[in-house]
Amino acid sequence: MEERSTPEREIIKQRMEKLERLRKDAGFNPFVIDKWDKEHKLSFVRSNFSHLGPDQMDEDALIKTAGRVMAIRKHGKASFVHLEDDTDRLQLYFRFDTLNEEYEWFKKWVDTGDYLGIVGHPFRTKRGELSLLVTEFKLLSKALRPLPEKWHGLKDTEVRYRQRYLDLIANPEVREVFRKRAKIIKTFREVLESHGTLEVETPILSPMAGGATARPFIAFHNALGINLYLRIATELYLKRLIVGMYERVYEIGKNFRNEGIDSMHNPEFTAMEVYWAYANYDDMMNLTEEIIVACADAMGSRQLPYGEHMINYEPPFRRATMVDLVKEHCGVDFLNITDEEARRIAKERGLEIKGNESRLLIMTEFFDNFVEDKLIQPTFVLGYPVEISPLAKRDPDNPDFTRRFELFICGAEVANAFSELNDPLDQRERFQDQLKKREAGDEEAHVFDEDFVTALEHGLPPTGGLGIGIDRLTMFLTNSSSIRDVILFPTMRPKE
RNA sequence: GGGCCGUUAGCUCAGGUGGCAGAGCACCGGACUUUUAAUCCGGGUGUCGCAGGUUCGAAUCCUGCACGGCUCACCA
């Protein structure tokens, strides 16, 4: 397939020749094996036989297990092997006295990277390491390529992401991150199900990608002869389901956004969106807190480090309006100035201004530039201007604002929620407004989804909706500095 | 897209000012019945990311490109 440098080719060649000899001379083909009754995980030994003292063996206990050979230390007529599975790493002791000619077979044919089925007695060595004295073994599969270095692990980020299996073999802490990710997603489901929320699936491919401000990926459907778009959000379909009288629905799945790649963005990412009829954004705030606290608990603590910070997930999270936060961090009260004054202050602070922005739009610029990255501890930011919230219900007391919040952790948006706009006439106007922006060259403005407006015209009850970015939340809960560290196979540019 | 940094053996990394391509681990051969980064003896297995240029001579200096990382911009 690809060009390989000589030493690696040499190792592979040696292993291939060894495999040939194993098949021909020893009459054994490891790739024919299709079953091994693995009765015990390696962790079973540690959790059940830790009481054994040095040099003590439980001869009545027979462990039947399996795993990958990570290291071999041969000492003539006795050998030690580190066997690893997805629960633990355990030392095996192979002795000539126990295995006789089988011991010679082991010495001759078993290499690091191979898979072994093992039967043996638990014991503790003189030096105090819990081990298995091997009484039977079977070579279950062979590795033809070498393992990454045993002491330093695999550090090259490019190889780690492109060949994640090597990362997972070499770096057990990486395996742990993705177990935690699974636990987080499971926790989401548990909390949502406990509130009677139905899990649904909506289209990934659709004629129109709406529900967020982002550029979509485009795919072509041959039979229909049309372009289909990969979804950028699940929002508009989920709200159709509330119109369809499911009162509580959620979806966990991938969204796709045709934008830049950096430590906080991957073109495909996992989001959870939930919609509850008869609920508002206050309920969504409580739900957000409940989910995130449950996730922190699943990680084992409500205080978790992220880089140099200790993040406190103990509820209640701080709640503050965008107006107040901008006032707090910038000293500007955008409620009590004119549009012209706002633009002047923005220019003074070095923001690029076209000249027709409203003071509230400028306030969001201030928020993005000067406040966001200061919100390290979990903070609900309330009160988003209508013009950047085309799907959210207006605040009846202050119609320039919506009943919307975002949750920030470690300076990044993790959740976005609002009381859903259910006035079809207002929704039509908002889409119209987005259409103008799109025609003015804003490729990320929302598309006009006529069918969605039709659904609203059939009647959407008052509804609270919430979206949580699962990758980012996982980053913060696992102290990962890049989104690529919480996505098993992150998007990479093809090599060459 | 801009700036900075990186790319040398399978892995982790050294290789001032240009002068025979290195170490540890891994791997191969040998010794060894309690080691655990085993030890001891022997073995280097390389398109120095790619393509040009300067030079008697380039891993090293210059230019371009590829891939990656950080960062800024943009963006959820």
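Note that this is a predicted model, so its numbers are computed, not measured. Labels below follow one simple rule: chain letters A, B, ... track the order of the sequence lines, proteins then strands, and each chain is numbered from 1.
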Work out how far the [atom1] atom of [N] is from that of [M], and round it to whole angstrom.
N     : M     : atom1 : answer
B:G49 : B:U55 : C1'   : 23 Å
B:A58 : B:G15 : C1'   : 14 Å
B:U60 : B:U7  : P     : 12 Å
B:G64 : B:C20 : C1'   : 30 Å
B:C25 : B:G44 : P     : 15 Å
B:A73 : B:G6  : C1'   : 22 Å
B:C11 : B:U35 : C1'   : 23 Å
B:A9  : B:C4  : C1'   : 29 Å

How close or far is atom [atom2] of [N] from atom [atom1] of [X], stated in whole angstroms?
X        : N     : atom1 : atom2 : result
A:Phe96  : B:U33 : CZ    : C1'   : 11 Å
A:Lys108 : B:C28 : NZ    : P     : 14 Å
A:Tyr103 : B:U34 : OH    : C1'   : 12 Å
A:Ile261 : B:A73 : CD1   : C1'   : 16 Å
A:Glu158 : B:G6  : CD    : C1'   : 11 Å

Complement of [N], any strand, by Watson-Crick or G-U distances under 3.5 angstrom:
N     : result
B:U17 : none
B:U33 : none
B:U60 : none
B:G24 : B:C11
B:C48 : none
B:G68 : B:C5
B:A73 : none
B:U54 : none

Among [options], find the nucleotide with the atom closest to the side chain of [X].
X        : options             : answer
A:Asp262 : B:A73, B:C27, B:U35 : B:A73
A:Glu129 : B:G68, B:U35, B:C75 : B:U35
A:Arg127 : B:A26, B:U12, B:U36 : B:U36
A:Asp111 : B:C28, B:G69, B:U34 : B:C28
A:Ser263 : B:G68, B:C28, B:C70 : B:C70
A:Asp97  : B:U34, B:A26, B:U33 : B:U33

Do we see a donor-acceptor contact under 3.5 Å between the side chains of [X] and [Y]?
X        : Y        : result
A:Glu251 : A:Thr234 : no
A:Tyr93  : A:Gln91  : no
A:Arg484 : A:Ser482 : yes

Under 6.0 Å from the ring centre and within 45 degrees of the ring axis: does the NZ or CZ of A:Arg240 meet both conditions for the six-membered ring of A:Tyr237?
yes
Check: [X] side chain, [N] base, donor-acceptor under 3.5 Å:
X        : N     : value
A:Gln91  : B:U35 : yes
A:His152 : B:C11 : no
A:Thr125 : B:U35 : yes

Exactly one of A:Val134, A:Thr135, A:Leu139 clears side chain to side chain contact (heavy atoms under 4.5 Å, CB included) with A:Phe137, and that residue is A:Val134
Nearest-nucleotide wise, let me know which of A:Ile72 and A:Val159 is further upstream toward the 5' end of RNA chain B.
A:Val159
Verify the contact: side-chain N or O of [X] to OP1 or OP2 of [N], cut-off strictly under 4.0 Å; return yes or no.
X        : N     : answer
A:Arg493 : B:C67 : yes
A:Arg215 : B:C75 : no
A:Arg73  : B:A38 : yes
A:Arg162 : B:G68 : yes
A:Arg15  : B:G10 : no

When all nucleic acid strands are considered with a 4.0 Å heavy-atom cut-off, which category describes [X]: base, sugar-phosphate, or nothing?
X        : result
A:Glu372 : base
A:Lys155 : sugar-phosphate
A:Phe408 : base
A:Ser79  : nothing
A:Gly153 : sugar-phosphate
A:Arg484 : sugar-phosphate
A:Glu406 : base
A:Met264 : nothing

Take A:Glu84 and A:Arg175 through the salt bridge (Lys or Arg N to Asp or Glu O under 4.0 Å) test and state the conclusion after the steps.
CA-CA 13 Å; A:Glu84 194 165 319; A:Arg175 295 205 291 256; 2.5 Å; yes
For A:Arg181 and A:Asp471, run salt bridge (Lys or Arg N to Asp or Glu O under 4.0 Å): C-alpha distance rounded to whole Å, both residues' side-chain angles, the deciding distance at 0.1 Å, then the answer.
CA-CA 8 Å; A:Arg181 182 184 168 111; A:Asp471 310 277; 2.9 Å; yes
Checking side-chain hydrogen bond (donor to acceptor under 3.5 Å, both in side chains) for the pair A:Asp324/A:Thr321: CA distance, chi angles, key distance, verdict?
CA-CA 5 Å; A:Asp324 287 343; A:Thr321 64; 3.2 Å; yes
As a quick check of understanding, evaluate side-chain hydrogen bond (donor to acceptor under 3.5 Å, both in side chains) for A:Asp395 and A:Tyr384, giving each step before the final call.
CA-CA 10 Å; A:Asp395 185 339; A:Tyr384 279 68; over 6 Å; no
